[in-house]
Amino acid sequence: MGRFQLPPRLIAKLLVPTAIPMLVASFAMWMQFADVFYNFPFQKLDKSYDFIVVGAGSAGSAIAARLSEDPSVSVLLLESGGDPNPFSYIPAAVPYIAHELTEFPYTTVPQVNSAFGIINQSIPWPRGRGLGGSSNGNFMIYNRGNPRDYNRWAQISGDNRWSWENVLKFFLKMEDYYGYWDGNGFHSKGGPVRIEPVRYTPGMDYVLAAGEEIGLPSRDANTVVQTPGISPMDFNQKRGYRFSTYRAYILPNEKRPNFRILRYSQVVKINFDDEFRAIRVTFLRHEARQYVEASKEIIISAGTIGSPQLLMLSGIGPKEHLQELGIKPLLNLPVGDGLQDHVTTYVGPFLLNKKRVSYIQERDMNLGAVMNYIKDGSGPISTPMQATLFGLVSTSFTDPSWSDIFWSMQNVGVHGALGDSLDVLFSTKGKIFRRYLKPHLGQEGHYIIQSLGLPKSVGNLRLSDANPNSLPIIDPKYYSDPKGQDINAMLEGIQVLLRLYENTTSLGGELGAHLSPRHIPGCEQHLHRSRGYWECVIRTVTGTLYHPSSTCAMGKRGDPKTVVDSQLRVIRTKGLRVADSSIMPMVVK
Ligand SMILES: Cc1cc2nc3c(=O)[nH]c(=O)nc-3n(C[C@H](O)[C@H](O)[C@H](O)COP(=O)(O)OP(=O)(O)OC[C@H]3O[C@@H](n4cnc5c(N)ncnc54)[C@H](O)[C@@H]3O)c2cc1C
């Protein structure tokens, strides 16, 4: 196979950064064009449907498909984007499809306590657009959340149906599990969502063995006991290809006669009658304003950014904020207030002295890799950014059964395109990673994206104006918790990581793993590896694990933080629910 290798520089420098985005962008434009010309004459819409679902993302696809199982009800699914981009099926394309036309290009406002090395101190927060939503562009890691997350939800909402014991039934019903832990009795087969194990694992056994040495055993992070531990990634994939909610719920069901899907339909308002019953939605489709009625319910599943935005545009939200923007307030609710996210930082590279224990693009992305992917969906093309393992750690700030640190472990050596990729991923100014990694080019290594699982900081989301096309103002307020618990938990997590790589026989000993002795640019004033140095790294290279939540938080009726009740009904309305990641009362670990 080696004789037929494509010139690696050509792939890295020309083909990937230019051709793929161009193809991706032109695909999105052609799909929209085709939608207008081929569908327009046939797109006669009924005046009314029993259920209208807004947004066909991870949640909306499943909800609309499940509702339409009953042939006696009619279901309309309105989605602001079109079909998923064909490149989204290929995991290695993940970094290249972000920020394209199939994404909403959100960014945070400049962060006060962090993101010092990020352009404008504003962190990119892309969200998926189109059938499948963010499940078309996410990293596909299958992680249910901790049992205690759901028990806490049950407590907050006062409804035991949210307890782990109860939600577990639905995880099992959803799964078609062929993952790494197949056969351990905690999973099931036959559901709509396919799950398979990571198919590219250089150096994995060394990390798992090191974990065992320091009390981070290899374990299934989707059972009752999840933490602390390290687990090979399970992905929403089939034979190495992405298995989005589009594939799981839309494709098999879209031909049902009672199920209507309308693409390129951006809902801009929910309309109510005098008794606050949601009766109609107003939407824009190829610039034209249209209306459709719901006789039973409207379910908003537009995601953590889209759902609060739509509620506020419809007059439901903080009264004063709506008045300032000239939107007539109908209901004063804390929409947008509880925003939480998993903030991240970069730790690495841990340099290794053994060959082929990591991915080096110039060596490993070749014709053989392409052939392997085509043959059985394996090799480096099958993983997003060559992610291999994830780790869950409980610091002194949490109960040992509830991890507050998550590691996405990238068994990736220092290859030529890595610095540029990380600079794009984090949106760093001054090419931080390119400068930092340059002297290590060609060396085997691993790096870790560490994130905070149980953040204490709470941000908010507001509209910038009353125009539905304007991007909302997103402020996660990272590291703003008054007691400084978030930063301290991150610091503790890094110390565990250093121990894992440097103080174990399998990584520190056999592979000679050691952290790069270089300073991350911007933190040169600190003694390398000191507490001050790490705090500087965390506050300089600040990113997101793309898990925003809690902007339409579920809670008890009467609780001032509540937007939806435990059945996801918007407080004081009739016939209106929100069902997606925005209703989480707190982000799941
Ligand atoms: C880059 C990235 C990596 C991630 N990695 C992982 C991972 O590995 N594992 C994991 O579990 N999670 C991951 N996530 C998070 C996960 O994908 C999301 O939590 C999940 O998809 C959210 O689902 P949702 O239904 O709330 O919203 P979405 O899936 O975002 O769906 C919202 C939908 O609503 C549509 N919409 C919005 N506004 C309107 C409107 N006004 N009218 C009509 N339609 C509208 C959008 O186009 C979109 O299709 C990642 C996310 C991203 C972005």
Side-chain angles (χ1 to χ4, degrees), residues 54-55 57 78-81 98-115 118-130 133-134 264-271 281-285 287 289 300-341 343 427 457-478 480 542-544 546-553 563 570 578 580-583:
V54 179
L78 295 170
E79 165 54 47
S80 77
H99 316 301
E100 293 299 337
L101 293 183
T102 47
E103 302 269 346
F104 288 99
Y106 301 122
T107 55
T108 70
V109 298
Q111 291 303 283
V112 177
N113 302 308
S114 63
I118 310 304
I119 295 170
N120 299 329
Q121 282 180 234
S122 300
I123 300 169
W125 267 32
R127 309 306 295 163
R129 181 179 215 156
S134 298
Y264 302 107
S265 303
Q266 184 196 355
V267 178
V268 294
K269 194 167 185 180
I270 309 291
N271 304 93
V281 305
T282 307
F283 64 100
L284 297 173
R285 188 167 145 71
E287 309 293 320
R289 188 168 283 261
I300 304 178
S301 299
T304 294
I305 318 288
S307 291
Q309 180 184 27
L310 180 55
L311 282 180
M312 288 196 252
L313 288 169
S314 309
I316 300 179
K319 188 176 166 192
E320 284 177 13
H321 173 57
L322 299 183
Q323 279 170 337
E324 276 168 23
L325 301 180
I327 298 171
K328 186 178 167 203
L330 299 179
L331 288 173
N332 183 19
L333 286 178
V335 175
D337 274 2
L339 180 60
Q340 280 204 304
D341 184 34
V343 65
S427 191
S457 302
V458 177
N460 63 31
L461 177 144
R462 293 288 181 262
L463 298 183
S464 43
D465 55 39
N467 180 348
N469 292 317
S470 299
L471 299 179
I473 301 167
I474 299 167
D475 188 0
K477 298 189 196 299
Y478 294 135
S480 64
T542 313
T544 171
Y546 311 99
H547 298 164
S549 69
S550 315
T551 47
C552 301
V563 175
V570 177
V578 180
D580 56 28
S581 50
S582 70
I583 66 87

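All figures in this text were calculated on a predicted structure; none of them were measured in a lab.
Within the model, atoms CD1 of Ile474 and CG of Leu339 stand 7.5 Å from one another, a figure rounded to the nearest 0.5 Å. Here the straight-line distance linking atom CG of Leu325 with atom CG of Asn467 works out to 11.0 Å at 0.5 Å rounding. The distance from atom OG1 of Thr107 to atom CD1 of Ile473, rounded to the nearest 0.5 Å, is 10.5 Å. Within the model, atoms OG of Ser550 and CG of Asn460 stand 12.5 Å from one another, a figure rounded to the nearest 0.5 Å. Considering OG of Ser80 and CZ of Arg129, their distance stands at 4.0 Å, rounded to 0.5 Å. A distance of 10.0 Å separates CG of Leu310 from CG of Leu463, quoted to the nearest 0.5 Å.
With a 4.5 Å cut-off on side-chain heavy atoms, Pro476 and Gln111 count as touching. The shortest distance between side-chain heavy atoms of Ile316 and Ile270 does not fall below 4.5 Å. Using a 4.5 Å cut-off on side-chain heavy atoms (C-beta onward), Val343 and Ser114 make no contact. Leu311 has its side chain out of reach of Leu333: every pair of non-hydrogen atoms, C-beta onward, lies at least 4.5 Å apart. The shortest distance between side-chain heavy atoms of Arg285 and Leu78 does not fall below 4.5 Å. Side chains of Ile305 and Phe104 form no contact here, defined as non-hydrogen atoms less than 4.5 Å apart. Residues Thr544 and Tyr478 are in side-chain contact: their nearest non-hydrogen atoms beyond the backbone lie under 4.5 Å apart.
A distance-only check finds no donor-acceptor pair linking the side chain of Ser427 to the backbone of Ile123 [under 3.5 Å]. A donor-acceptor pair under 3.5 Å is absent between the side-chain atoms of Ser581 and the main chain of Ser549, judged by distance alone. A distance-only check finds no donor-acceptor pair linking the side chain of Gln309 to the backbone of Leu471 [under 3.5 Å]. A distance-only check finds a donor-acceptor pair linking the side chain of Glu79 to the backbone of Gly130 [under 3.5 Å]. Within the 3.5 Å criterion, the main-chain N or O of Lys477 finds a donor-acceptor partner in the side chain of Asp475.
The nearest pair of heavy atoms linking Pro548 to Thr304 is O-OG1, 2.9 Å. Taking both residues in full, the closest heavy atoms of His321 and Met312 are given as CD2-SD, 3.7 Å, listed atom of the first, atom of the second, then distance. Nearest heavy atoms, Pro308 versus Gly303: CD-O, 3.6 Å. The two residues Ser122 and Pro110 come nearest to each other via the heavy atoms OG-N, 3.5 Å. Across Pro126 and Glu103, no two heavy atoms sit closer than the pair CB-OE1, 3.4 Å. Taking every heavy atom of both residues into account, Ala466 and Leu313 meet most closely at O-CD2, 3.5 Å.
Checked against side-chain hydrogen bond (donor to acceptor under 3.5 Å, both in side chains), Ser582 has the following partners two or more places apart in sequence or in another chain: Asp580.
Sequence neighbours left out, the pairs with a member in residues 319-337 that pass salt bridge (charged side-chain N to carboxylate O under 4.0 Å, His left out) are Asp337-Arg462.
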